[in-house]
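Everything below concerns the one structure shown next.
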2 protein chains.
Amino acid sequence: MTGMACSVTSEHNHNVKMVQERMLSEREFLFLAELFKAFGDYTRARILFALSIHELCVCALAEVLDMSQSAISHQLRLLRAAKLVRYRKEGKNVFYALDDDHVRNLIGQGIDHIREQG
Amino acid sequence: MTGMACSVTSEHNHNVKMVQERMLSEREFLFLAELFKAFGDYTRARILFALSIHELCVCALAEVLDMSQSAISHQLRLLRAAKLVRYRKEGKNVFYALDDDHVRNLIGQGIDHIREQG
DNA sequence: ATAACATATGAACATTCAAACAGATGAGGA
DNA sequence: TCCTCATCTGTTTGAATGTTCATATGTTAT
């Protein structure tokens with residue numbers, strides 16, 4: 001169940017203690033995982049990238065990604081919950097956009113990373 | 001199956017075309033999703049954060065996270081596949097570290113984001 | 001009010017995934 | 001060689017996730 005120490009050098013113990021002291025809270029790690037999980041899906045990655053180009057209504061997203069409105073809507077719900085997108089209603093339509101520049105930066109960093117290592 | 005356009009304004013069509021033209025390839029989106037998926041797990045987020053503080057051997061990670069060595073090893077396998085960590089062998093031990101500063105930056109951005117919105 | 005449309009939601013199904021356990025590999029010491 | 005230790009790898013099981021279909025909500029126009 002719980003990990004046991006390997007043959008313990010003082011270096012080993014020192015590192016373990018130091019890292020343990022600096023670890024974030026469970027709550028923060030849960031948020032962090034949830035944030036990245038929201039990016040970590042083919043469909044949502046495409047939605048987020050599309051929105052990084054321009055604000056779009058649900059049906060426009062469905063058209064761009066060639067997917068059903070329902071599928072898009074379900075994913076948008078998750079993205080809303082993760083606070084990655086915001087929306088405004090205009091008549092029958094609902095327009096989605098990225099929540100802030102942090103989200104745009106994360107997408108950008110991600111793209112840079114995958115392009116650097118082929 | 002495939003999405004249909006909503007009542008089509010010229011604005012709508014213009015946006016759809018523009019976004020479609022700028023979308024990345026399927027391959028790139030798959031990579032992008034895979035990258036973020038690797039971050040998007042409670043255990044892996046903790047591993048990556050721990051490694052952002054200091055290089056650690058598998059048993060040290062198991063100790064820090066209070067998990068079995070096996071569980072850690074399985075996750076490290078995924079992180080290796082995603083090219084997020086590198087490792088060096090030293091006798092019986094295997095020491096893991098973040099692959100590059102891109103990874104560190106992504107973690108940092110993520111933490112900034114969750115801290116900004118409470 | 002009724003119809004048509006845009007979006008959201010619920011339930012069912014299929015797939016993916018992490019944790020746990022057992023066994024395998026490989027390095028070092030007696 | 002035999003044994004131990006650190007790590008890795010299969011396999012199974014239960015949970016989480018994505019997609020689809022059907023339906024519900026809410027808006028606009030007739």
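Quick note: numbers below take in every heavy atom, side chains included, and nothing from hydrogens, waters or symmetry partners. We name chains A, B, ... by the order of the sequence lines, and we start the count at 1 in each one.
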Run the side chain to side chain contact (heavy atoms under 4.5 Å, CB included) check on A:L79 and A:L51 step by step: do they pass?
CA-CA 12 Å; A:L79 294 175; A:L51 295 181; 5.7 Å; no
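- At a threshold of 4.5 Å between non-hydrogen side-chain atoms, the residues A:L61 and A:L76 count as touching.
- Rounded to an integer number of Å, the gap from B:D66 CG to C:dA20 C1' is 15 Å.
- Listed by chain and number, the residues in a ring pair (Phe, Tyr, Trp, His ring centres under 6.0 Å) with A:F95 amount to none (sequence neighbours excluded).
- A:D100 places a side-chain N or O within donor-acceptor distance of the main-chain N or O of A:V103, the cut-off being under 3.5 Å.
- Of the candidates D:dT20, D:dT9, D:dC8, D:dT9 carries the atom nearest the B:H74 side chain, counting heavy atoms from C-beta on.
- If you measure from atom CG of A:L61 to atom P of C:dA8, you get 10 Å, rounded to the nearest angstrom.
- Distance CZ (A:F39) to P (D:dT17): 17 Å, rounded to an integer number of Å.
- Among the protein residues, B:Y96 comes within range of the sugar-phosphate backbone only, with heavy atoms under 4.0 Å from sugar or phosphate atoms but none that close to a base.
- At least one side-chain nitrogen or oxygen of A:K37 sits closer than 4.0 Å to the OP1 or OP2 atom of D:dT17.
- Between A:G91 and A:G40, it is A:G40 whose nearest contact on DNA chain D lies nearer the 5' terminus.
- Counting only heavy atoms from C-beta outward, the side chains of B:E26 and A:Y42 approach each other to under 4.5 Å.
- Rounding to whole angstrom units, CD of residue B:Q69 and C1' of C:dA24 are separated by 12 Å.
- Out of D:dT28, C:dT9, D:dT7, the shortest distance to the side chain of A:K92 is found at D:dT28.
- Taking the side chain of A:S70 as heavy atoms from C-beta on, and the options D:dC21, D:dT11, D:dC8, the nearest nucleotide is D:dC21.
- The number of heavy-atom neighbours closer than 6.0 Å to CZ of B:R22, taken from other residues, nucleotides and ligands shown, is 12 or below.
- Residue B:T43 is classed as a sugar-phosphate contact, given heavy-atom separations below 4.0 Å to backbone atoms only.
- Nearest heavy-atom pair across A:E63 and B:Q20 is O-NE2, 3.6 Å.
- The stretch residues 75-90 of chain B touches DNA chain C through B:Q75, B:L78, each having a heavy atom under 4.0 angstrom from the strand.
- Side-chain N/O atoms of A:N93 include none lying less than 4.0 angstrom from OP1 or OP2 on D:dT27.
- Residue A:R44 places none of its side-chain N or O atoms closer than 4.0 Å to OP1 or OP2 of D:dT17.
- In this structure, the CZ atom of B:F29 is 17 Å from the P atom of D:dG18, given to the nearest Å.
- The CE atom of A:M67 sits 15 Å away from the C1' atom of C:dT7 (whole-angstrom rounding).
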